[in-house]
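Written below as structure tokens is the structure these notes are about.
The figures here come from the full heavy-atom set of this structure, side chains too, leaving out hydrogens, waters and symmetry mates. Throughout, protein chains are lettered first and strands after them, A, B, ... in sequence-line order, and every chain is numbered starting at 1. Source: prediction; values computed, not measured.
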Amino acid sequence: MLRMSTLFLRTLRDDPADAEVASHRLLVRAGYIRRAAPGGFSWLPLGWIVFQNLERVVREEMDAAGFQEVHFPALLPKEPYELTGRWTEYGDNLFRLKDRRGADFLLAPTHEEMFTLLVKDLYGSYKDLPVSLYQIQTKYRDEARPRAGLLRGREFVMKDSYSFDIDDAGLQDSYDAHRAAYISLFERLELPYVIVSAMSGAMGGSASEEFLAPMDVGEDTFVRCTSCDFAANVEAVATSAPDAIPFDELPAAVVHDTPDTPTIATLVDCVNAADELRHPSRDWTAADTLKNVVVNVRQPDGSVEPLAIGLPGDREVDMKRLEAQLSPGVPEPFAEADFAKHPTLVKGYIGPGVLGTDNSSEIRYLVDPRIVDGTAWITGADTTGNHVINLTAGRDFTADGTIEAAEVRAGDACPNCGADVEIARGIELAHIFQLGRKYAEALELTVQNENGRPVTPTMGSYGVGVSRALAAIAEHSHDDIGLCWPREIAPADIHIVMAGKEGGPQRPAAEQLAATLEEAGLRILFDDRVKVSPGVRFKDAELIGVPTIAVVGRGVADEENPTIEVKDRRTGDRVDIPLADAVDHLIALCQP
RNA sequence: CGGGAUGUAGCGCAGCUUGGUUAGCGCGCCUGCUUUGGGAGCAGGAGGCCGAGAGUUCGAAUCUCUCCAUCCCGACCA
């Protein structure tokens with residue numbers, strides 16, 4: 001039994017000034033966590049109970065699915081991460097340190113290498129597979145910008161699983177098993193989620209989905225169809241390309257003077273204002289223009305190459321989408337000095353005429369998938385103050401390929417069914433993907449097949465942010481006055497509030513109720529504090545968020561028909577229950 | 001890493017423009033009395049290297065510079 005008279009807890013009346021999102025604000029105010037370091041939090045007794053409850057639920061679901069738990073050091077030597085390339089590829093987000101002899105170590109951001117080496121260490125036969133292992137551990141990432149409390153720390157707890165299979169069919173089965181386990185987990189945690197297609201990012205790999213909790217505080221943007229069940233992270237949305245248009249009827253491309261038109265807006269105004277440039281039947285819009293953006297792409301080995309991207313002028317480059325496409329390369333701005341090195345690029349008037357590896361700029365040129373053969377564009381003529389009209393793809397220019405870098409907008413066509421898509425934000429709860437053989441090959445994990453030949457297993461990777469999920473639950477399940485935990489992870493089943501004069505019948509009644517319920521197996525948080533006004537007890541109970549609040553107060557003073565008040569934290573509904581029935585009533589409430 | 005804001009007691013804030021006693025207020029904390037169904041009242045207390053460092057000055061929370069941290073907005077991820 002947790003007695004508030006002795007519980008290590010101090011609730012705060014005011015919101016902490018540095019907390020913006022509800023979960024952070026309330027977890028600090030209610031005495032669950034304290035900030036201890038940039039991006040790091042200490043867990044207080046109430047918080048640690050909730051955390052461990054959550055961890056237990058995760059563990060139960062994993063074990064039920066037949067996955068086995070292991071545990072690794074967080075402090076790891078560099079060598080395995082060098083073999084897979086991640087010592088460098090992971091970049092600044094990796095915490096690196098040296099031991100007293102100067103040897104390089106890291107604090108693990110994830111443990112793919114260690115799982116792979118562990119299987120290599122012990123298993124050698126196809127008969128040993130499949131196997132799925134998991135860990136629940138603290139991970140370290142030197143985030144450029146930790147924020148929103150537990151939602152994005154530099155130190156956080158992750159449950160990650162890895163599957164090892166002999167072939168693609170087995171991998172698919174393992175993937176499906178994890179997907180099912182995660183659905184079961186999030187249902188049990190009463191967390192809303194959407195499963196979206198995703199990019200595998202820095203981990204490498206192919207088939208990939210994310211579980212997002214659809215909430216505005218989330219950092220991920222995803223797209224979903226208003227008609228069918230398509231949903232994807234915005235990074236993974238494939239633009240549906242229109243059919244190619246025959247060239248036969250299309251007018252020839254003509255270069256025109258368009259003075260002082262370095263931007264799309266000025267260009268559109270200019271071509272609509274000049275009679276000889278006007279569209280025969282309507283006004284030109286930004287969507288008729290072809291915008292060419294040049295960036296530098298830096299690879300992990302430090303090499304830098306320029307890349308030109310062509311996209312309809314009414315769309316911006318979405319940096320997240322672009323980065324996902326270029327990974328592990330990262331885009332950097334194309335600076336004035338870079339323009340100086342490429343005199344064929346005329347800032348504000350760059351056109352496909354000079355772009356492409358076969359043209360004068362020798363810069364790789366990738367275009368938006370909408371720019372199919374036969375589409376005609378107003379675009380830069382590569383000399384200051386000039387644009388070309390009706391420059392037609394496939395006839396007048398050819399790109400080196402396509403790239404998904406243009407922003408996705410609400411109302412765009414669903415790649416699946418063509419209906420409008422909508423855009424929403426979500427918290428990334430989990431990410432599952434098929435890693436393939438990248439790690440197994442790099443670390444030389446092989447097993448023998450039926451013929452005694454070595455074969456490389458294929459792997460899957462499945463992560464759940466445990467500390468983040470706790471914050472997401474708080475984010476999903478709270479109101480203006482405090483938290484409302486799902487019973488399974490709540491710090492207690494019943495919060496007993498004693499309200500009445502010391503010396504009255506309330507204390508003995510509350511003490512006995514608490515003891516009886518505890519004996520019956522319920523978890524009790526008992527506000528037995530003296531010299532604390534009733535208002536404070538009620539406010540604290542609502543802030544702390546135990547799902548059921550039992551008030552032992554004036555009702556028990558009625559000698560004829562003593563009652564207690566039972567309040568549902570989430571709905572606010574209160575009912576008076578005869579004291580004699582209270583135990584049975586409360587026990588019944590806590591049955592699943 | 002760029003842009004903006006903020007660092008004063010456990011928490012929330014004032015003071016800074018215009019430098020000048022012992023740095024204030026509310027909450028919380030300690031002592032006593034009263035109070036006990038919605039963050040109680042009275043009285044008395046404790047608690048501060050004013051984010052750090054350097055400088056200007058007779059004198060700095062206050063002015064200057066540098067750093068650090070926090071939060072928000074943009075580029076990474078569970």
Side-chain angles (χ1 to χ4, degrees), chain A residues 10-21 24 28-29 31 34-35 37-39 90-94 109-110 136-161 182 198-203 210-213 218-220 233 235 295 317-324 326-328 330-333 427-432 461-472 481-482 497-504 506-507 529-543 551-555 557 565 567 574:
Chain A
R10 187 116 301 153
T11 59
L12 305 178
R13 185 189 293 247
D14 300 307
D15 284 334
D18 60 354
E20 194 70 17
V21 302
H24 185 193
V28 172
R29 259 193 72 196
R34 301 288 299 169
R35 196 193 85 93
Y90 222 95
D92 291 337
N93 270 15
L94 191 65
T110 63
I136 300 177
Q137 284 191 231
T138 303
K139 308 285 178 168
Y140 299 87
R141 292 186 195 167
D142 191 358
E143 294 284 347
R145 188 183 151 211
R147 58 175 291 274
L150 255 27
L151 282 175
R152 181 185 199 75
R154 299 207 294 175
E155 177 173 330
F156 58 96
V157 176
M158 181 158 90
K159 191 290 302 179
D160 52 337
S161 305
Y182 284 9
M199 305 287 289
S200 45
M203 311 298 168
E210 288 168 342
F211 287 68
L212 301 183
E219 293 182 277
D220 278 60
N233 191 299
E235 295 167 14
V295 296
V317 172
D318 180 325
M319 290 309 283
K320 283 197 171 186
R321 274 165 62 72
L322 176 60
E323 290 201 18
L326 299 178
S327 176
V330 289
E332 294 179 350
I427 298 170
E428 185 179 351
L429 298 170
H431 193 172
I432 57 178
S461 165
Y462 320 93
V464 175
V466 178
S467 44
R468 177 182 284 180
L470 188 147
I481 55 175
V497 172
M498 192 176 66
K501 262 186 203 169
E502 199 61 20
Q506 286 84 8
R507 174 168 286 275
R529 293 175 293 181
V530 296
K531 296 202 164 195
V532 172
S533 74
V536 172
R537 295 179 208 203
F538 290 128
K539 292 287 187 201
D540 277 347
E542 283 148 354
L543 181 59
V551 183
V552 181
R554 56 190 169 203
E565 181 181 295
K567 178 173 173 178
R574 314 175 187 201

[atom1] spacing across the pair [N] / [M], given as an integer number of angstrom:
N: B/C58; M: B/G45; atom1: P; answer: 39 Å
N: B/U8; M: B/U70; atom1: C1'; answer: 15 Å
N: B/A43; M: B/A5; atom1: C1'; answer: 42 Å
N: B/A60; M: B/A52; atom1: P; answer: 15 Å
N: B/C16; M: B/U62; atom1: C1'; answer: 4 Å
N: B/A40; M: B/G26; atom1: P; answer: 16 Å
N: B/C49; M: B/G37; atom1: C1'; answer: 46 Å
N: B/C63; M: B/G2; atom1: C1'; answer: 28 Å

Quickly work out the [X] [atom1] to [N] [atom2] distance and round it to whole Å.
X: A/Glu210; N: B/C77; atom1: CD; atom2: C1'; result: 9 Å
X: A/Arg147; N: B/C72; atom1: CZ; atom2: C1'; result: 9 Å
X: A/Leu543; N: B/C11; atom1: CG; atom2: P; result: 17 Å
X: A/Asp18; N: B/C72; atom1: CG; atom2: P; result: 9 Å
X: A/Arg468; N: B/A78; atom1: CZ; atom2: C1'; result: 5 Å
X: A/Leu12; N: B/G10; atom1: CG; atom2: P; result: 13 Å
X: A/Asp142; N: B/C77; atom1: CG; atom2: P; result: 14 Å
X: A/Lys567; N: B/G37; atom1: NZ; atom2: C1'; result: 12 Å

Which nucleotide, if any, forms a Watson-Crick or G-U wobble pair with [N], using both distances under 3.5 Å?
N: B/A46; answer: none
N: B/G2; answer: B/C73
N: B/C27; answer: B/G10
N: B/U17; answer: none
N: B/U64; answer: B/A54
N: B/C33; answer: B/G41

Donor-acceptor pair, side chain of [X] and main chain of [Y], under 3.5 angstrom:
X: A/Arg141; Y: A/Pro109; answer: yes
X: A/Glu210; Y: A/His431; answer: no
X: A/Arg507; Y: A/Glu502; answer: no
X: A/Arg574; Y: A/Glu565; answer: no
X: A/Arg154; Y: A/Asp142; answer: no
X: A/Tyr182; Y: A/Ile432; answer: no

Where the side chain of [X] is defined as all heavy atoms beyond and including C-beta, which of [options] is the nearest nucleotide?
X: A/Arg34; options: B/C77, B/G38, B/C11; result: B/C11
X: A/Glu565; options: B/G10, B/G37, B/C77; result: B/G37
X: A/Arg537; options: B/A78, B/U36, B/C13; result: B/U36
X: A/Val536; options: B/C77, B/A40, B/G12; result: B/A40

(Q) Tell me every residue that passes side chain to side chain donor-acceptor pair (under 3.5 Å) with A/Gln137, counting only those two or more places apart in sequence or in another chain. (A) A/Gln135
(Q) Run the side chain to side chain contact (heavy atoms under 4.5 Å, CB included) test on A/Met158 and A/Thr110 for me, step by step, so that the C-alpha distance in whole Å, both residues' side-chain angles and the decisive distance to 0.1 Å come before the verdict. (A) CA-CA 9 Å; A/Met158 181 158 90; A/Thr110 63; 3.6 Å; yes
(Q) Can you work out whether A/Gly149 or A/Phe156 has the more 5'-proximal nearest nucleotide on RNA chain B? (A)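 In this pair, the answer is A/Gly149.
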Q.
Closest-nucleotide mapping onto RNA chain B: is A/Asp220 or A/Arg554 further toward the 5' terminus? I mean the 5' end.
A. A/Arg554
Q | The single option from A/Arg468, A/His24, A/Glu219, A/Glu428 passing side-chain contact (heavy atoms from CB on, under 4.5 Å) against A/Leu151 | A | A/Arg468
For [X], which contact category applies under a 4.0 Å heavy-atom criterion: base, sugar-phosphate, or nothing?
X: A/Gly503; value: nothing
X: A/Thr11; value: base
X: A/Ile427; value: nothing
X: A/Arg507; value: nothing
X: A/Val551; value: base
X: A/Val532; value: base

Q: Report the C-alpha distance between A/Arg147 and A/Glu20 in whole Å, list the side-chain angles of each, state the deciding distance to 0.1 Å, and finish with yes or no for salt bridge (Lys or Arg N to Asp or Glu O under 4.0 Å).
A: CA-CA 9 Å; A/Arg147 58 175 291 274; A/Glu20 194 70 17; over 6 Å; no
Polar-atom pairs under 3.5 Å, protein N or O versus N or O of nucleotides 27-35 of chain B: list them with distances, or write none.
{"residue": "B/C27", "atom": "O3'", "partner": "A/Arg13", "partner atom": "NH2", "Å": "3.2"}
{"residue": "B/C27", "atom": "O2'", "partner": "A/Arg13", "partner atom": "NE", "Å": "3.0"}

Q: Answer yes or no: does a side-chain N or O of A/Arg35 lie under 4.0 Å from OP1 or OP2 of B/U70?
A: yes
